[in-house]
A.B. asks: 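My questions all concern the structure below.
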Amino acid sequence: MFVFYFRQDNQAEASYTFGDRSSSDIVVRLRNEEGRDDWIYCHSKILSEKSQYFADRLSDKWPTCKILDSRYCVEVICQESDYDHHINLLRLLYLVSDDVHEDNLCHNVKSALGILSVAKELSCPQIVTACVNYLEAVPWEEGEEEEILRTVPRIGSEAEPILARLQPVDQSAVTEIFVSAFRFATSSPPLPLGDIKSSAQEQIEYMITEDDDAPLLIADEEVKLEVKECVKSLFGRFFQCLEETSFKPVESEVINKKGSFRMVLSDLSWAFQILTKMEVVRDFVITWVDISEKLVKVVEQLETAVAETVEIRVKVIEVTAKVIEAIGYGTVILPTAKRLEMVKLWLPFVRNTKPLVDSPVTEDEGNGTVRYKIDGEIWQALESSFVSIILALPSADQAEILTEWLGKNGLYPDLTEAFEVWCYRSKVAKRRLGLLGGEEDENGMS
């Protein structure tokens, strides 16, 4: 609440000091419902020039101008949360001028927001401009950003520059930054830039994911083509690593160098997720199927006791699990021969890798043991995908695979479901197909 008193004596032209009782001709009384009551000594010239609110109150046209003799009294209730902001605004009225910069008037986002609201209420355009310029220029923390979104829209058009950094951008700009980020995310930057690359991958996935908000980018054919080209280049680096490793399978520097197996496989695993969201995963799956035979051969000749080898196997399985799932559930349709080949190649590889992953791998005596784990959901997904692929193969091929599995004493993956379905189908096959043939004969005779 403001209560201010105006002393109508002649005041000499001089500099004014906020709170100087000896030269004051107005007492501003600030109150709130919690009982705070402050009398602040001010100057009518300052307040009238800097605030239209005070100029109106102090004018002869105001209805209550003659009620209290030579003094004006106005009571305005303010909230406790705004109390200090009102006092700060009165102080700033003595400071604001064309020669004083915003960084000398505002000291933090919270204070500037509070003063901005009061300045708007009391019609102090210079203070409003100073607060807007300050808030538009300084960084915000997350909590401050939410408060700005609650406060600024109530101020009006003069505060719109504050929200410029939060405005949606043109779709062409989104597309450009997505493509640039994807190129970087599938590149092979120097190791110190690894964290930046990881961040780029995270943000790309965020941009195309629908959550509480719609995706930031809906990929058109042009974007999809660019993404495919980037993945093609990524596979190019993968082929290079594959060739180098096949010639030098035991040299650890081949595995650890820039653009190594491990890094490229991680990138491929991430790229598959993006391609799945964009519904352009077919080329990836076909490429992986085509290189599977050579990949399995190269990885299996690596020394299994080396920790890096186990990590490579883990990364290979992470990618393979995604590919097998796409094939098993019909996301990508392949000929029978290709599906059978994938089962025969990867089933033994997965079976041989699981014990290595489940057991500690000794790196060296100095470093102790290193354990590389695969999420249990990946093992389960692989198992389910293999079952789906097997059950879609011809019966004779199913029998061959299941015979080999039973000969391994039912080791992982558990193909019990496929075995049970095969038994049922095989037992009733003659009857079911015979009935079908009988119905066809009857239809032909009629």
Side-chain angles (χ1 to χ4, degrees), residues 1-62 64-65 68-138 151 155 158-159 162:
M1 177 187 301
F2 273 122
V3 180
F4 59 86
Y5 300 93
F6 174 45
R7 190 175 69 232
Q8 298 188 24
D9 52 358
N10 293 326
Q11 193 167 4
E13 291 292 335
S15 60
Y16 302 102
T17 302
F18 175 71
D20 182 9
R21 184 171 183 174
S22 63
S23 62
S24 168
D25 60 348
I26 294 178
V27 176
V28 177
R29 188 178 181 188
L30 182 61
R31 303 173 60 191
N32 66 14
E33 293 180 339
E34 283 71 27
R36 290 185 67 175
D37 188 350
D38 289 299
W39 290 48
I40 305 168
Y41 296 94
C42 300
H43 304 84
S44 61
K45 180 177 176 59
I46 295 293
L47 301 191
S48 297
E49 287 180 353
K50 305 297 177 60
S51 167
Q52 187 60 48
Y53 172 85
F54 283 108
D56 292 342
R57 289 296 198 181
L58 297 173
S59 70
D60 293 336
K61 297 179 181 180
W62 192 258
T64 60
C65 66
L68 298 176
D69 299 327
S70 62
R71 295 178 182 269
Y72 291 87
C73 178
V74 180
E75 296 189 350
V76 180
I77 297 176
C78 74
Q79 300 295 324
E80 173 64 25
S81 58
D82 294 331
Y83 200 91
D84 291 339
H85 299 315
H86 281 75
I87 295 177
N88 287 333
L89 178 129
L90 291 173
R91 183 179 292 108
L92 289 177
L93 293 178
Y94 285 75
L95 298 176
V96 66
S97 69
D98 295 336
D99 298 328
V100 178
H101 300 292
E102 289 80 4
D103 49 358
N104 293 322
L105 299 177
C106 303
H107 302 290
N108 58 68
V109 171
K110 181 179 179 181
S111 175
L113 274 175
I115 293 171
L116 174 61
S117 296
V118 177
K120 177 65 176 180
E121 177 187 346
L122 301 183
S123 301
C124 307
Q126 286 182 292
I127 300 295
V128 168
T129 300
C131 291
V132 168
N133 291 342
Y134 176 84
L135 291 168
E136 188 275 332
V138 299
T151 303
I155 303 302
E158 60 264 51
I162 298 174

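Everything numeric here is computed off the predicted structure, so don't read it as measured data. This chain uses plain numbering: 1 for the first residue, then up along the sequence.
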A.B. asks: Any pair with a residue in residues 81-97 that passes salt bridge (Lys or Arg N to Asp or Glu O under 4.0 Å), sequence neighbours left out, goes on the list, sorted by first then second residue, please.
C.D. replies: R36-D84

A.B. asks: Return the set of residues passing side-chain contact (heavy atoms from CB on, under 4.5 Å) with S51 (not counting sequence neighbours), or none when no residue passes.
C.D. replies: Y53, F54, L122, C124

A.B. asks: Rounded to the nearest 0.5 Å, how far does OH of Y134 lie from CG of L113?
C.D. replies: 10.0 Å

A.B. asks: Just jot down the side-chain contact (heavy atoms from CB on, under 4.5 Å) partners of Y41, sequence neighbours excluded, or say none.
C.D. replies: R21, S24, V27

A.B. asks: Would L89 and L92 count as a side chain to side chain contact (heavy atoms under 4.5 Å, CB included) if you check the C-alpha gap in whole Å, the side-chain angles of each, and the deciding distance to 0.1 Å?
C.D. replies: CA-CA 5 Å; L89 178 129; L92 289 177; 5.5 Å; no

A.B. asks: For A137, give me all partners under side-chain contact (heavy atoms from CB on, under 4.5 Å), at least two apart in sequence or on another chain.
C.D. replies: none

A.B. asks: Hey, does Y94 have a side-chain heavy atom less than 4.5 Å from the side chain of T17?
C.D. replies: no

A.B. asks: Going by the rule side-chain contact (heavy atoms from CB on, under 4.5 Å), which residues pair with E49 if we only count those two or more places apart in sequence or in a different chain?
C.D. replies: K45

A.B. asks: Report the residue from V28, L93, D25 that forms a side-chain contact (heavy atoms from CB on, under 4.5 Å) with C42.
C.D. replies: V28

A.B. asks: Within a radius of less than 6.0 Å around CD of E80, do more than 12 heavy atoms belonging to other residues, nucleotides or ligands occur?
C.D. replies: yes

A.B. asks: Please enumerate all residues that pass salt bridge (charged side-chain N to carboxylate O under 4.0 Å, His left out) together with E136, with sequence neighbours excluded.
C.D. replies: none

A.B. asks: Working to the nearest 0.5 angstrom, can you tell me the gap between L47 CG and I26 CD1?
C.D. replies: 5.0 Å

A.B. asks: Under the side-chain hydrogen bond (donor to acceptor under 3.5 Å, both in side chains) rule, collect the residues that match up with S117, sequence neighbours excluded.
C.D. replies: none

A.B. asks: Report the C-alpha separation of F18 and L95 in whole Å, then their side-chain angles, then the decisive distance to 0.1 Å, and conclude whether the side chain to side chain contact (heavy atoms under 4.5 Å, CB included) test is met.
C.D. replies: CA-CA 9 Å; F18 175 71; L95 298 176; over 6 Å; no

A.B. asks: Of the non-hydrogen atoms in Y83 and N32, which two are nearest, and what is the gap between them?
C.D. replies: CD1-ND2, 3.5 Å

A.B. asks: Which value, rounded to the nearest 0.5 Å, describes the distance between C106 atom SG and N133 atom CG?
C.D. replies: 9.0 Å

A.B. asks: Please round to the nearest 0.5 Å and tell me the distance separating atom CD1 of I87 and atom CD1 of I40.
C.D. replies: 4.5 Å

A.B. asks: What's the separation between atom OG in S48 and atom CG in L58, rounded to the nearest 0.5 Å?
C.D. replies: 4.5 Å

A.B. asks: Mind checking the CG-NE2 spacing from L90 to H85? Nearest 0.5 Å is all I need.
C.D. replies: 13.5 Å

